[in-house]
Every structure is written in structure tokens, then in C-alpha cells.
Amino acid sequence: MNTLNILLIEDETTDQLLEKTLIAKGYSVTNTVTSEATIPSLAMSNKTDLVIFNIDSPKKYFPHIHYLNRNQPLPIIIFAADDTSDTIKQIVKAGVSAYVVNGLETSRINSIINIAVARFKEQQRLTNELEKTKSRLEERKLIDRAKGILIKTRGFTEDDAYHTLRKLAMDRNIAIGEMAKNIIAMAELLK
């Protein structure tokens with residue numbers, strides 16, 4: 001039994017083969033051919049694990065895909081007929097986990113879903129790692145700036161400035177980056 005909750009978005013012209021296949025393979029499926037405005041709210045309200053579009057072209061859905069990726073990142077699979085290079089570039093930019101052109105073979109659906117979920121998880125891991133790295137770099141810049149202030153105003157060496165900054169942070173039970181922000185703010189105030 002597959003435990004994924006899938007939000008299936010299909011055009012009115014699409015046959016119901018995909019929905020029947022997903023249900024037969026044990027997935028929980030919410031199918032919608034309703035207005036586009038409900039896509040983000042349906043994804044959020046149904047504890048959706050995966051979104052599948054079975055459509056002719058994804059162009060009109062790009063705002064919803066971008067919205068989901070910003071506000072509720074989920075693996076997204078698109079089955080479509082549009083293979084133009086512009087559409088494919090937009091698909092990649094939107095962070096879609098799998099884009100299958102004219103290839104809805106029901107025997108491959110589990111493989112496509114598994115690969116899309118794995119690709120999504122790896123992309124999320126890389127995104128989180130990038131955010132952590134950016135945060136550490138920003139903190140490092142703040143620490144260097146605070147050390148510079150201590151060196152200039154107190155005549156400390158670089159090592160003394162760092163150890164003072166670290167001791168002040170430990171004494172106040174805050175992170176060294178937060179202490180660096182406080183020193184910078186205080187220096188700005190005293191200008």
C-alpha cells in the first residue's frame with residue numbers, strides 16, 4: 001500500500017486513466033479539474049505529499065507551481081504534450097521534479113513517482129545546505145566587522161578582539177553572531 005497523498009490536476013480534456021492507475025496502485029488521490037485558484041489551497045488543506053499535473057501545457061500553471069515551491073515545497077510531476085524549449089526552461093526554473101512529455105505509460109508510474117520524490121528530497125537537502133552556508137557566511141562577516149570595531153576602538157589584536165567577542169557572547173548566553181550584531185549596532189549608535 002502506497003501512503004502518498006497525491007493531488008492530481010487534470011485538464012477537462014484528459015481521460016481518467018492516470019487517476020484510475022494511481023488508485024489501483026494504492027495511492028490516495030484528490031483529483032481536481034476545478035478552477036486554478038484552488039490548487040494551492042487544495043495542496044495545503046489535503047496534507048498533499050505529491051502534486052501531479054496531467055495537462056496539455058503547463059504554461060498557465062506556472063504561477064501555481066512557483067507559489068507551491070515558495071510556500072509549501074512538494075515534489076511535482078508533470079505529464080504534458082508541450083516539449084518546446086521555452087517551456088522546458090521554465091519547468092527547470094520552477095523546480096519541477098519530473099516532466100514527462102507524451103509518455104504516460106501506466107506501468108512506469110511507480111518509478112516516475114519514486115524518482116521524482118528522491119530528486120525532490122535531494123534538491124531540498126541542497127537548498128537547505130545552501131541556506132546554512134549563506135547564514136554562516138553572513139555570520140562570519142558580522143563577526144569580522146565586530147572584531148574590526150573592537151580593534152579600532154579598543155586597540156585589540158585580532159585574536160584579542162575575537163576572544164573578547166566570544167567571552168561577551170558566552171557571558172550573555174547568546175550566539176557569537178548575535179553578539180557581533182549587538183556590537184555593530186552599538187557602534188552605529190555611538191557614531
Side-chain angles (χ1 to χ4, degrees), residues 1-139 141:
M1 182 74 176
N2 294 305
T3 59
L4 291 178
N5 292 319
I6 297 175
L7 175 60
L8 178 61
I9 293 111
E10 296 187 292
D11 288 334
E12 290 89 13
T13 58
T14 310
D15 65 18
Q16 303 303 306
L17 178 63
L18 181 56
E19 180 180 15
K20 289 175 187 169
T21 302
L22 291 168
I23 291 170
K25 295 198 181 275
Y27 294 102
S28 173
V29 178
T30 302
N31 190 344
T32 180
V33 288
T34 58
S35 80
E36 300 165 34
T38 62
I39 292 171
S41 60
L42 278 172
M44 291 180 189
S45 66
N46 289 321
K47 296 182 180 174
T48 301
D49 298 312
L50 171 71
V51 179
I52 298 178
F53 290 85
N54 187 17
I55 53 181
D56 289 325
S57 175
K59 289 180 181 177
K60 71 179 184 180
Y61 295 102
F62 281 134
H64 306 293
I65 294 168
H66 285 291
Y67 180 87
L68 285 172
N69 277 333
R70 273 192 318 274
N71 298 300
Q72 185 187 4
L74 293 167
I76 296 174
I77 299 171
I78 299 177
F79 292 96
D82 187 349
D83 65 351
T84 62
S85 62
D86 183 52
T87 299
I88 292 170
K89 285 177 190 173
Q90 289 181 11
I91 288 292
V92 170
K93 202 182 247 186
V96 172
S97 303
Y99 187 64
V100 182
V101 178
N102 294 327
L104 179 54
E105 292 179 27
T106 57
S107 62
R108 297 182 336 157
I109 195 71
N110 277 337
S111 298
I112 292 169
I113 289 173
N114 291 336
I115 290 168
V117 169
R119 182 174 187 272
F120 172 78
K121 286 179 180 176
E122 179 63 13
Q123 190 65 38
Q124 288 301 110
R125 186 190 67 75
L126 291 172
T127 300
N128 291 338
E129 192 175 302
L130 178 62
E131 288 303 314
K132 285 180 190 173
T133 302
K134 284 180 180 178
S135 178
R136 285 193 301 262
L137 179 60
E138 192 59 38
E139 183 177 273
K141 288 178 183 178

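Because the structure is predicted, anything quoted here is derived from the model rather than measured.
- Between Thr87 and Phe62, the shortest heavy-atom contact is O-CZ, 4.0 Å.
- Glu122 meets the side chain to side chain contact (heavy atoms under 4.5 Å, CB included) test with Arg125, Leu126; sequence neighbours excluded.
- Contact check for Ile109 versus Leu18: side-chain heavy atoms found under the 4.5 Å cut-off.
- Among residues two or more places apart in sequence or in another chain, the side chain to side chain contact (heavy atoms under 4.5 Å, CB included) test is passed with Glu131 by Lys134.
- Contact check for Asp83 versus Asn102: no side-chain heavy atoms found under the 4.5 Å cut-off.
- Counting heavy atoms from C-beta outward, Phe120 and Ile77 have side chains that stay 4.5 Å or more apart.
- Once rounded to the nearest 0.5 Å, the distance linking CD of Gln123 with CG of Asn69 reads 9.5 Å.
- Rounding to the nearest 0.5 Å gives a distance of 10.5 Å between CD of Glu19 and CG of Asn54.
- Of the possible donor and acceptor atoms, one in the side chain of Asp49 sits under 3.5 Å from a partner among the backbone N and O of Asn5.
- With respect to Leu7, the side-chain contact (heavy atoms from CB on, under 4.5 Å) criterion is satisfied by exactly one of Leu74, Val29, Thr30: Thr30.
- Summarising the geometry, atom OG belonging to Ser28 is positioned 11.5 Å from atom CG belonging to Leu50; distances are rounded to the nearest 0.5 Å.
- Distance check, rounded to the nearest 0.5 Å: CD of Gln90 to OG1 of Thr84 gives 8.0 Å.
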Could you go step by step and tell me if Ile9 and Val51 meet the side chain to side chain contact (heavy atoms under 4.5 Å, CB included) rule?
CA-CA 8 Å; Ile9 293 111; Val51 179; 3.5 Å; yes
Got a list of side-chain donor-acceptor pairs under 3.5 Å for residues 92-101, not counting sequence neighbours?
| residue | atom | partner | partner atom | Å |
| --- | --- | --- | --- | --- |
| Ser97 | OG | Ile76 | N | 3.4 |
| Tyr99 | OH | Asp82 | O | 2.5 |

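- Two residues are said to be in side-chain contact when any heavy atoms from C-beta on lie closer than 4.5 Å; Tyr61 and Ile78 fail this criterion.
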